[in-house]
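Since the structure comes first, as structure tokens, the remarks are kept for the end.
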Amino acid sequence: MPRMKQRTEDDKEERIRRAMQGVQDGSFRSAREAATAFNIPASTLAHCIAGRKTRRQAHEVEQLFTPAEERAIVRWILHLDDLGFSPRLDIVHQYLDSLALPKRKQQQVEALANGRDPRTIPDGIGEHFISRFLNRNISLSCKFASRIDKQRAYANNPASIRDHFRKLDRLIKKHNIKPKGISNVDETGFILGWNAKSKVLTRRGRKNPRVKQDGKREFITALEAVAADGYVYTSFIIAKGKTHRYS
């Protein structure tokens, strides 16, 4: 189900819930009045009050994970996202595979007992599970994230940046440093085994998520520098050496 359609369904179910609550606490004199107030069919509200399940509730028994388990998975993803370690899709897939394995084994045993071929049941989650999981949990979103070094992420706060430029301005004025004597060097490189951008699950509405890395992976550094007067220095690549050379 497309995300927009799913949001419409979720909004409708929320309106039904609020209408039922209004009828129960006496805010409305009748179910029809509540249905009109929340723009939902009177017959739908009457069926729900009588005990009929919503579309989502009716399909919960067909899902691999229970609603409580899915809520726990969502909390785990949001917790990692808040820490700056938004989980990549492949990591989420592996994690859910490990959670699904016992359930799948049980389903295979039941299928064999009922005379069905257990090989038709996968060992982990299905190919389209992630997209359907996102449809059911609209607080999450899948986006491309760029990596950011952990220590750089910790240092990225306005107070530290303002303090840095105040000190820099005092040094420039004190020593009368010319623009050609001021250079900016960027040593951000390529982390082996880590894509510059990767798809992650993150909180819906978050823009440009950045994923921290632990700083323990090998770098191949692209060193670039430019002077304040616009002069660009020749850039070069630095790879990890095999031996140390001493003078």
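Residue numbers count from 1 along this sequence.
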Find the distance between CG (L45) and CD1 (I16) and round it off to the nearest 0.5 Å. 7.5 Å

By side-chain contact (heavy atoms from CB on, under 4.5 Å), which residues pair with Y233, not counting sequence neighbours? S183, A225, A227, Y231

For I73, the side-chain contact (heavy atoms from CB on, under 4.5 Å) test, sequence neighbours excluded, returns F65, I77, L96, L99, F133

Mind checking salt bridge (Lys or Arg N to Asp or Glu O under 4.0 Å) for K174 and listing every partner two or more places apart, or none if nothing turns up? none

With N176, which residues qualify under side chain to side chain donor-acceptor pair (under 3.5 Å), at least two apart? none

Please enumerate all residues that pass salt bridge (Lys or Arg N to Asp or Glu O under 4.0 Å) together with R116, with sequence neighbours excluded. none

Mark yes or no: R88 above the aromatic ring of Y95, with NZ or CZ under 6.0 Å from the six-membered ring centre and no more than 45 degrees from the axis. no

Check whether any side-chain heavy atom of M20 sits under 4.5 Å from a side-chain heavy atom of R17, and report yes or no. no

For I91, the other hydrophobic cluster members (4.5 Å side-chain criterion, sorted by chain and number) are none

Minimum side-chain heavy-atom gap L201-D81 below 4.5 Å: no

List in chain and number order the residues that pass side-chain contact (heavy atoms from CB on, under 4.5 Å) with A50, two or more places apart in sequence or in another chain; answer none if no residue qualifies. none

Option passing side-chain hydrogen bond (donor to acceptor under 3.5 Å, both in side chains) with N137 (candidates R71, E70, R132): E70

Pair R166-R162, side-chain contact (heavy atoms from CB on, under 4.5 Å): steps then yes or no: CA-CA 6 Å; R166 279 196 297 267; R162 284 194 295 268; 3.9 Å; yes

Quick one: does L223's side chain get under 4.5 Å of V185's, heavy atoms only? yes

I need the N135 CG to H128 NE2 distance, nearest 0.5 Å. 12.0 Å

State the CG-NZ distance between L168 and K173, to the nearest 0.5 angstrom. 11.0 Å

To check you understand the geometry: which heavy-atom pair defines the closest contact between I40 and R15, and what is its length? CG2-NH1, 3.2 Å

How far apart are the closest heavy atoms of S139 and V74, and which atoms are they? OG-CG1, 3.8 Å

Only counting residues at least two apart or in another chain, list the ones meeting side chain to side chain donor-acceptor pair (under 3.5 Å) with N184. none

Identify every side-chain donor-acceptor pair in residues 100-108 under 3.5 Å, counting partners at least two apart or on other chains, and give the distances.
unit_1 : atom_1 : unit_2 : atom_2 : d
K103   : NZ     : E69    : OE1    : 3.3
K103   : NZ     : E69    : OE2    : 3.4
R104   : NE     : G124   : O      : 2.8
R104   : NH1    : Q107   : OE1    : 2.9
R104   : NH2    : G124   : O      : 3.4
Q106   : NE2    : E110   : OE2    : 3.3
Q108   : NE2    : I121   : O      : 3.0
Q108   : NE2    : D123   : OD1    : 3.0

Return the set of residues passing side-chain contact (heavy atoms from CB on, under 4.5 Å) with R119 (not counting sequence neighbours), or none when no residue passes. D117

Below 4.5 Å, heavy atoms only, C-beta onward: do L89 and C142 meet side chain to side chain? yes

Could you report the tightest heavy-atom contact between A42 and A35, atom names first, then the distance? CA-CB, 3.7 Å

Give me each pair satisfying side chain to side chain donor-acceptor pair (under 3.5 Å) with a member in residues 22-33, each pair once, sequence neighbours excluded. D25-S27, R29-E33

Report the residues that fulfil side chain to side chain donor-acceptor pair (under 3.5 Å) with D229, sequence neighbours left out, ordered by chain and then residue number. none

Heavy-atom closest contact (I177 atom, L171 atom, distance): CD1-O, 4.0 Å

On a heavy-atom basis, which atom in A34 and which in A19 lie closest, and how many Å separate them? CB-O, 4.0 Å

Considering non-hydrogen atoms only, spot the tightest contact between E224 and S235 and give its length. CG-CB, 3.7 Å

